[in-house]
Amino acid sequence: MSISRTLLTTATALALMAGAAQAETVRIALVAKALGIGFFEAANKGAEEAAAELGDVEIIYTGPTDTTAEGQIEVINSLIAQRVDAIAVSANDTDALVPTLRRAMDRGITVISWDSGVAPEGRAMHLNPSSAPLIGNTIIKLAADHLPDGGQVAVLSATTTSTNQNIWIEEMTKVMGDYPGIEVVATVYGDDLADKSYREAQGLMQSHPDLKAIIAPTSVGIVAAAQAVTDAGKVGEVNVTGLGLPSEMAGHVKSGASESFAIWNPIDLGYSATMIAHALATEGATAEPGATIPIGRMGEVTLDENGEAAMADPFTYDAGNIDEFSSVF
């Protein structure tokens with residue numbers, strides 16, 4: 001065999017090997033409710049951690065510029081055209097994404113939802129950050145703990161169609177009888193936009209002068225509400241609580257605008273969602289009810305009859321521990 005033919009054969013073999021290696025890479029799209037939100041950026045860090053641990057994963061972190069179903073549908077259509085292996089989406093609408101996600105599944109793409117769920121017909125499974133009843137109880141308890149004599153509270157949520165927030169508020173309502181004297185006087189929506197959430201918080205204080213607490217089960221809303229309380233000179237009068245990130249809430253805890261708040265670790269959530277998407281896409285696990293799916297350092301989750309699983313309990317942050325976590329996420 002001539003030297004030129006040997007070189008050609010070697011080059012061809014290397015090219016085939018490179019193509020095979022490239023084909024083995026699992027591309028997982030982590031779809032946020034919107035770009036530019038700290039919670040989802042932290043989740044992406046966890047996804048990248050899982051990808052490095054697995055060794056054969058490329059993370060495509062993406063999302064719309066605002067928290068709309070239409071924006072997510074456009075993003076998902078692009079991912080279908082790219083022929084990604086898996087889509088893990090935190091949904092802006094329970095039902096609106098279903099037709100597009102079904103099209104993705106029909107084309108062999110593994111689809112899961114995480115954080116904010118999709119209707120069962122639009123995904124293989126859903127990963128809740130925690131159990132909905134526990135979250136619902138936690139957010140009202142955080143307000144009630146600092147209102148021994150009761151009082152008026154209001155809810156500042158994300159969008160009217162946000163699956164997770166709506167479920168948590170519903171679960172909160174179920175346990176209101178456990179907190180006598182606490183009256184929920186309004187629920188408003190800031191659409192996970194800082195400026196709109198700020199204005200809604202201002203409106204709550206103006207409409208309800210006896211308001212004692214604002215509960216925001218959204219990392220965008222809780223920061224905006226705390227700032228609105230500060231700017232209104234109502235620190236010590238109106239307590240802001242709910243779900244937020246330590247890095248974003250540390251100053252408001254120290255100022256007294258927020259006595260306490262809760263959250264699960266979004267890094268862990270992005271990590272777990274990626275582990276699940278990879279296991280399902282590579283047929284390392286199945287998604288039928290009762291199935292157990294490994295999630296790396298987080299252990300494992302077991303799917304219930306609705307194809308859902310919960311990652312971990314929420315954790316409460318206050319002045320006693322905020323410094324420990326505020327540099328982490």
Side-chain angles (χ1 to χ4, degrees), residues 32-43 63-69 71 90 92-93 115-116 135 138-140 142-143 146-147 151-166 168-169 172 183-263 266 317-319 322 326 329:
K33 286 185 175 182
L35 298 177
I37 296 177
F39 178 91
F40 294 107
E41 291 172 354
T65 56
D66 54 12
T67 52
T68 64
S90 177
N92 284 324
D93 190 289
D115 177 51
S116 184
I135 296 169
T138 295
I139 58 177
I140 189 61
L142 287 169
H146 299 283
L147 293 172
Q152 294 183 356
V153 305
V155 177
L156 169 59
S157 192
T159 67
T160 57
T161 58
S162 290
T163 314
N164 48 352
Q165 274 89 8
N166 287 343
W168 299 334
I169 293 168
M172 181 191 81
E183 178 189 5
V184 179
V185 294
T187 298
V188 298
Y189 302 90
D191 292 345
D192 263 350
L193 299 173
D195 55 348
K196 184 176 181 183
S197 297
Y198 180 89
R199 293 193 303 271
E200 292 290 352
Q202 286 180 315
L204 287 171
M205 289 184 285
Q206 293 167 1
S207 301
H208 305 279
D210 294 328
L211 192 67
K212 299 299 182 184
I214 297 175
I215 301 169
T218 153
S219 62
V220 175
I222 193 173
V223 174
Q227 190 61 55
V229 165
T230 300
D231 293 346
K234 289 184 174 289
V235 171
E237 297 178 40
V238 179
N239 175 38
V240 176
T241 189
L243 305 175
L245 299 179
S247 60
E248 297 177 347
M249 286 297 294
H252 295 300
V253 168
K254 293 177 181 179
S255 75
S258 176
E259 295 281 358
S260 60
F261 65 97
I263 198 67
Y317 303 86
D318 56 26
I322 191 67
S326 60
F329 64 93

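Predicted model, so just to flag it, every value in this text is computed and none were measured.
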Taking all non-hydrogen atoms of both residues into account, name the closest pair between W168 and I139 and its distance. O-CD1, 4.3 Å
Do any side-chain atoms of residues 186-195 form donor-acceptor pairs under 3.5 angstrom with protein atoms, and if so which ones, sequence neighbours left out?
unit_1, atom_1, unit_2, atom_2, d
D191, OD2, K196, NZ, 2.8
D192, OD1, T218, OG1, 2.4

Do the rings of Y317 and F329 sit parallel, tilted or perpendicular, given the 30° and 60° boundaries? perpendicular
For the side chain of N92 and the backbone of K33, is there at least one donor-acceptor N/O pair under 3.5 Å apart? yes
If only atom types and distance count, is the side chain of Q165 paired as donor or acceptor with the main-chain N or O of P217 below 3.5 Å? yes
Can you name the residues that form a salt bridge (charged side-chain N to carboxylate O under 4.0 Å, His left out) with E237, not counting sequence neighbours? K234
Enter the distance from E259:CD to H146:NE2 here, rounded to the nearest 0.5 Å. 5.0 Å
Do the side chains of V185 and L211 get nearer than 4.5 Å, heavy atoms only? yes
Interatomic spacing from OG in S247 to CD in E41 - rounded to 0.5 Å: 10.0 Å
Could you measure the distance from the CD1 atom of I135 to the CD1 atom of I140? Nearest 0.5 Å is fine. 15.0 Å
Value rounded to 0.5 Å, distance of OH in Y198 from CG in D231: 3.5 Å
Nearest heavy atoms of L156 and A201, plus distance in Å: CD2-CB, 4.4 Å
Under the side-chain contact (heavy atoms from CB on, under 4.5 Å) rule, what do V184 and V155 come out as? Steps first, then yes or no, please. CA-CA 8 Å; V184 179; V155 177; 4.3 Å; yes
Restricting to non-hydrogen atoms, name the atom on S162 and the atom on A158 that form the minimum distance, rounded to 0.1 Å. OG-CB, 3.6 Å
For A143 and A213, work out which heavy atoms get closest and say how close. CB-CB, 4.2 Å
Compute whether any side-chain donor of one residue and acceptor of the other, for D318 and S260, lie under 3.5 angstrom apart. no
Distance (rounded to the nearest 0.5 Å) between Q152 CD and E183 CD: 5.0 Å
Closest non-hydrogen atom pair, G71 against T68: N-OG1, 3.0 Å
side-chain contact (heavy atoms from CB on, under 4.5 Å) between I169 and S157, intermediate numbers included: CA-CA 9 Å; I169 293 168; S157 192; 3.7 Å; yes
D66 side-chain N/O to A34 backbone N/O, donor-acceptor pair under 3.5 Å: no
Side chain S258, main chain V240, donor-acceptor under 3.5 Å: yes
For V220 versus S197, what's the shortest heavy-atom pair and its separation? CG1-OG, 4.4 Å
At what distance, to the nearest 0.5 angstrom, does CG of D93 lie from OG1 of T163? 6.5 Å
